[in-house]
Structures are given as C-alpha cells and as structure tokens.
Number of protein chains: 2
Amino acid sequence: MLQLTKRTEYGLIALVHMVDRPGVFVSAREICDTYKVPRRLLAEVLKTLSKAGLLASHRGATGGYMLVREPELTSVAQAVSALEGNPASSSCSPSPVDDSNSLFPILDSGSGCDMSPTCPIKTPIQRLRDGIWSLLQQTSLRDLAAPTAAAVNANPLGELLQSAQTLTY
Amino acid sequence: MLQLTKRTEYGLIALVHMVDRPGVFVSAREICDTYKVPRRLLAEVLKTLSKAGLLASHRGATGGYMLVREPELTSVAQAVSALEGNPASSSCSPSPVDDSNSLFPILDSGSGCDMSPTCPIKTPIQRLRDGIWSLLQQTSLRDLAAPTAAAVNANPLGELLQSAQTLTY
DNA sequence: CCAAATAGCACTGATTTGGTGCGCAATCAT
DNA sequence: ATGATTGCGCACCAAATCAGTGCTATTTGG
Ligand code: SF4
Ligand code: SF4
C-alpha cells in the first residue's frame, strides 16, 4: 500500500553503507553480514543498481561494488526508479519528470488506462505523483546517510513538510 | 511500484464526482455510467469509503452515497488510508502522523521488520514517508475536483514542489 | 408488491513481490 | 598454476496483493 518494496529498502541500505566506504569496493557479503539481509537477494539488488549506473562493480577476490558518483549526486529517486520502475501514483502517462541523471530508459507503459480522456482526476493525480517524485529526487544518499539524520530537513522542503505535518489538518 | 491501487483511483474518482453533487445521494450506477469503471468493484470501494466515515449511505430506490463533510475537509490521505491502509514507505513502525479525522483504526502491523534496531535508513525513510503522507494530507477533495485544477498548487507546498521539480537536480 | 439500491460474504484469476538454486566468468592471493 | 572469492546470468518457486466477480439478503421509494 503505497510503500517501497523490500528490494528498494535493501538497495538503499546498501547504498547508504557505501557512503561510509568511499573509494573502496565493498562486497555483498560485507553488507549482508552487517545487516540482516538475505545475501542472495541483496546480490540481485546490487546487480540491478549496477546495471542502472549507480554502482560500479568489480569481480574477483577483492571485488565488490562502489558508488559511481558522490553521495550527494545520487538521489533516492534514482534508486527507486532502478529497482521498481519510474514511480507513479497511477497507471497514467509516463512521468514528465525526466531524470537526466538516470542511465536507464523510462519503461512506463504509456497511458495504460482506457479512460484517460474522461478521467476527472488524471491531471491532479499526476501532480500528486510529481510531488512525491520530487521529494525522492531531492533526497540524496548523503541525506539518507546523515548520522544524526538531518535528512529531509537538509533541503528547503524539509522544514515545511515537517511543520505541515503537525497541522491539525 | 509506489503507486496507488486501482481501487483507490476509483474511490477518488467517485469522491470527486460527488463534489459536484453536493447534498444529494448519488448512486454507484450513476458514477460507473459516467466513467468506465466496473460497477461491482466500485460498489465495493464505496462501501469501504462509507465504513471509513467519509461517505454517508442511504439504501433503497433513490439511495446512494453522499459526502459527509465539506470537500475541503476530506483529504486524499483519508481516502488512501481507508482503501489501502495507512501509507508507509516501509514496513516500519506505524505512522506517527495520526489522522484524527479518520474513524478507522490504524492497522499497521507495528515494526514488522526484524532489523529495526540496526537499520541505518529507518529514521530517514520514515521522514520520507511522512513527507509523502503530508502531501496527501494537504490535498483536499476540493483540490482534486478543481476544474482548471490548481490542485497541489493551491496549498503552500505546491509552488515549492513545482519549482523544485524543475531543478536540474 | 416491485424495482432499485446498499450490505455482506466469499471467491477466482492475474500480477507482483520476496526469496532461492546453480552454473559460469573474472580476479586476486598464495 | 590453483583455489578461494566475488560478481553475472538465468530460471524458478511460493506467498501476498490486487483487480474483478457472484450471489443473496436487506432496506426503501413509488
Ligand atoms: S486516467 Fe484516471 S483512472 Fe486512468 S490511470 Fe489515470 S488517473 Fe487512474
Ligand atoms: S527497519 Fe529498515 S529495513 Fe526494516 S522496515 Fe524499517 S527501513 Fe525497512
């Protein structure tokens, strides 16, 4: 129900872990020894992340994975997009927000819904999706990795979202 | 992949439709005659929405459903929450954001994950989820129904999110 | 009474998701 | 060289979720 998949979570954990190991290749073993993650599944996730261009891989005894870009240059959106396709809050048209940093093609099935022309919520729902997408885009790996976790607060939207959340609504 | 279910979409369409029919009971038939929605399924959705306290129902020949509150007093979050459980971007602890307007209990399974203590992304991921949740909360049925659709732009977060979205990232 | 509408319950089929098995290929330490 | 370690490719399974349906009972207006 509107939640990230386990695969994505594992991927994010791995990515965050690598933020603390800059410049070195870290193996899947190390990661799933640190956290309780099914080794085999994590391998699959890392593979995907690698093919998406977020990670560099190196085989062999001292092999592993390494962040390609600086932690602040990779967004959660890129990870999510790689692991579960471009986020959409509906089956509607492909995201107008083209993440130019992503190396993978947009694999949205176009406007899959058969009532696109008459749908009264199409446009507003897309705007909503773009809002979510924007949030994910604005959160970098650095934000996620922050120990004391300024996280979302680090970007201009953070405080607003936090305060908005406290509204009685 | 991080998207609303069909049920939720149908529910939102129905709700928006009722915004234009204030004060009268509108039948499921009318709605699924207007839009291409499986009648039987829509009925199920409306039932749920009704039990959640968002709609008032009336049986019999001239029966149907009607919005309980004003359109600006019902949020998309409430609809989503009723139709697919409280939004969460992870299997983590129940949402700290208690929507006091909701009449249904929070049915989160608590902290389902078995690595909650050691998980490095738990806190930031929750903050992310709260951001999304906040977005949904801030969008009212009125926003959704707006013909020219100011929608998300109508609330203080809208413009920021919109502009943020145009950043090269 | 009859037609129209919600309420309740159970159920099927398709899709997604979490997770695994296994052999192959590359690489490094010894 | 050789074996241990690591990633790669591909196929596969089981559980959960989701879209959608059937049928019957109950309420209500005409
Ligand atoms: S057109 Fe409407 S019902 Fe169809 S996918 Fe888009 S928002 Fe959903
Ligand atoms: S503790 Fe970490 S891995 Fe577990 S559900 Fe929460 S965010 Fe996901």
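To find a chain, count down the sequence lines: A is the first, B the second, and so on, and within it residues start at 1.
- Heavy atoms of A:A28 sit under 4.0 angstrom from primed sugar atoms or phosphate atoms, though from no base atom.
- Distance, B:L41 CG to C:dA14 P: 17 Å, rounded to whole Å.
- The side chain of B:Y65 contributes an N or O atom lying less than 4.0 Å from OP1 or OP2 of C:dA7.
- Taking only side-chain atoms of A:P38, from C-beta outward, the nucleotide of C:dT20, C:dA7, D:dG20 with the closest atom is C:dT20.
- For the pair A:S75 and A:L136, the tightest heavy-atom approach, listed with the atom from each and the gap, is CB-O, 3.8 Å.
- No side-chain donor-acceptor contact under 3.5 Å links B:Q126 to the backbone of B:T123.
- B:L41 and A:I121 fall within the same hydrophobic cluster, defined by Ile, Leu, Val, Met, Phe, Trp and Tyr side-chain heavy atoms under 4.5 Å apart, directly or through other members.
- Here the side chains of A:E9 and A:V37 are not in contact, with every heavy-atom distance at 4.5 Å or above.
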Distances under 3.5 Å only, N/O to N/O: pair up the protein atoms with those of nucleotides 10-13 of chain C.
none

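- To the nearest angstrom, P of C:dT6 lies 10 Å from CZ of B:R39.
- Distances were taken from every side-chain heavy atom of B:T5 (C-beta onward) to each of D:dG7, C:dG19, D:dC18; the shortest belongs to D:dC18.
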(request) Could you give me the CA-CA distance, side-chain angles and deciding distance for B:V68 and B:L73, then say whether side-chain contact (heavy atoms from CB on, under 4.5 Å) is met? (result) CA-CA 9 Å; B:V68 168; B:L73 292 182; over 6 Å; no
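- Between the CG atom of B:L49 and the C1' atom of C:dA7 there is a distance of 15 Å, given to the nearest Å.
- Side-chain N/O atoms of B:S57 include one lying less than 4.0 angstrom from OP1 or OP2 on C:dA7.
- Taking side-chain N and O atoms only, B:R29 has a distance below 4.0 Å to OP1 or OP2 of C:dA5.
- Mapping B:S27 and A:G60 onto DNA chain C via the closest heavy atom, the residue that lands nearer the 5' end is B:S27.
- Taking the six-membered ring where tryptophan is involved, the planes of B:H58 and B:F25 are tilted, since the angle between them lies from 30° to 60°.
- No hydrogens or angles were tested; on distance alone, a donor-acceptor pair under 3.5 Å links the side chain of B:K47 to the base of C:dG8.
- Under the 3.5 Å distance criterion, the side-chain polar atoms of A:S50 are left unmatched by any main-chain donor or acceptor of A:L46.
- Between the C1' atom of D:dA14 and the NZ atom of A:K6 lies a distance of 17 Å, rounded to the nearest Å.
- Which of C:dG8, D:dC10, D:dT28 sits closest to the side chain of B:K51 comes down to C:dG8.
- In this structure, A:V26 and B:R59 both approach DNA chain D, and ranking their closest nucleotides by distance from the 5' end singles out A:V26.
- Nucleotide C:dT16 holds its P atom 16 Å from the CD atom of B:E84, rounded to whole Å.
- Looking at A:L141 and A:L67, their side chains come closer than 4.5 Å, going by heavy atoms from C-beta outward.
- Atom CD of A:E30 is separated from atom P of D:dT5 by 15 Å (rounded to the nearest Å).
- Residue B:Q3 contributes atom CD, which lies 11 Å from atom C1' of C:dT15 at whole-angstrom precision.
- The B:R7 side chain lies nearest to D:dG20 when the options are D:dG20, C:dT6, D:dC8.
- Remark: B:Y10 is in phosphate contact with D:dG20, judged by side-chain N or O atoms under 4.0 Å from OP1 or OP2.
- Rounded to a whole Å, the NE2 atom of B:H58 is 12 Å from the C1' atom of C:dA4.
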